[in-house]
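Index from 1, following the sequence.
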Amino acid sequence: MNLGKVLPVCSACRCTPPEGLAGGIWFKGLFLCEDCLNNLSEWQENERPYLLLKESLAGLWRHHPAWRHHLAYGSKS
């Protein structure tokens, strides 16, 4: 039996922070490391982290269509 640790992988940079889960934020099946979270507003839309995060969010969107109601413009809760 393997008793190894399961560590998170950032959806943007695909790295695992040294602190594990404490080194970022887990949001609805996506993990963002602290470095990517801090640099998110500086990314350009052609940069690799931005494209990887966009791809991850698109997959999340496809697999959880009920969230569309809450994220779409003009939705009512």
Side-chain angles (χ1 to χ4, degrees):
M1 183 171 172
N2 185 354
L3 297 177
K5 295 180 181 180
V6 176
L7 297 172
V9 175
C10 179
S11 295
C13 68
R14 303 294 199 247
C15 294
T16 298
E19 305 87 5
L21 280 174
I25 184 171
W26 188 266
F27 176 73
K28 298 286 186 179
L30 293 178
F31 179 77
L32 276 179
C33 70
E34 194 171 310
D35 288 341
C36 287
L37 197 55
N38 290 336
N39 296 321
L40 187 64
S41 64
E42 298 171 12
W43 291 343
Q44 302 296 313
E45 62 184 69
N46 61 343
E47 290 184 272
R48 186 171 188 267
Y50 175 88
L51 295 171
L52 290 172
L53 181 58
K54 182 179 174 183
E55 179 183 308
S56 296
L57 289 169
L60 194 61
W61 182 270
R62 277 191 303 275
H63 298 328
H64 299 283
W67 293 357
R68 295 176 191 172
H69 171 76
H70 300 290
L71 298 174
Y73 292 110
S75 67
K76 297 178 182 175
S77 298

J.: Please report the interatomic distance CD1(Ile25) to SG(Cys10), rounded to the nearest 0.5 Å.
T.: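 Between atom CD1 of Ile25 and atom SG of Cys10 there are 11.5 Å.
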
J.: Do Val9 and Leu32 land in one hydrophobic cluster if side-chain heavy atoms of ILVMFWY residues count as linked below 4.5 Å?
T.: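 No: no chain of side-chain contacts under 4.5 Å links Val9 to Leu32.
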
J.: Give the table of side-chain donor-acceptor pairs shorter than 3.5 Å for residues 37-49, with sequence neighbours excluded, one pair per line with atom names and distance.
T.:
residue: Asn38; atom: ND2; partner: Glu34; partner atom: O; Å: 3.2
residue: Asn39; atom: ND2; partner: Asp35; partner atom: O; Å: 3.0
residue: Glu47; atom: OE1; partner: Gln44; partner atom: N; Å: 2.5

J.: Got a second to check how far Ser11's OG is from Leu52's CG, nearest 0.5 Å?
T.: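 Answer for the OG-CG pair, Ser11 versus Leu52, is 9.0 Å.
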
J.: Do the non-hydrogen side-chain atoms of Cys33 and Cys13 ever get within less than 4.5 Å of each other?
T.: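 Yes, side chains in contact.
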
J.: Can you name the closest pair of heavy atoms from Leu7 and Gly20 and give their distance?
T.: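 Here Leu7 and Gly20 meet closest at CD2-CA, 4.3 Å.
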
J.: Phe31: which other cluster members, linking ILVMFWY side chains closer than 4.5 Å, directly or transitively?
T.: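 When side chains under 4.5 Å apart are linked, the cluster holding Phe31 also contains Leu21, Trp26.
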
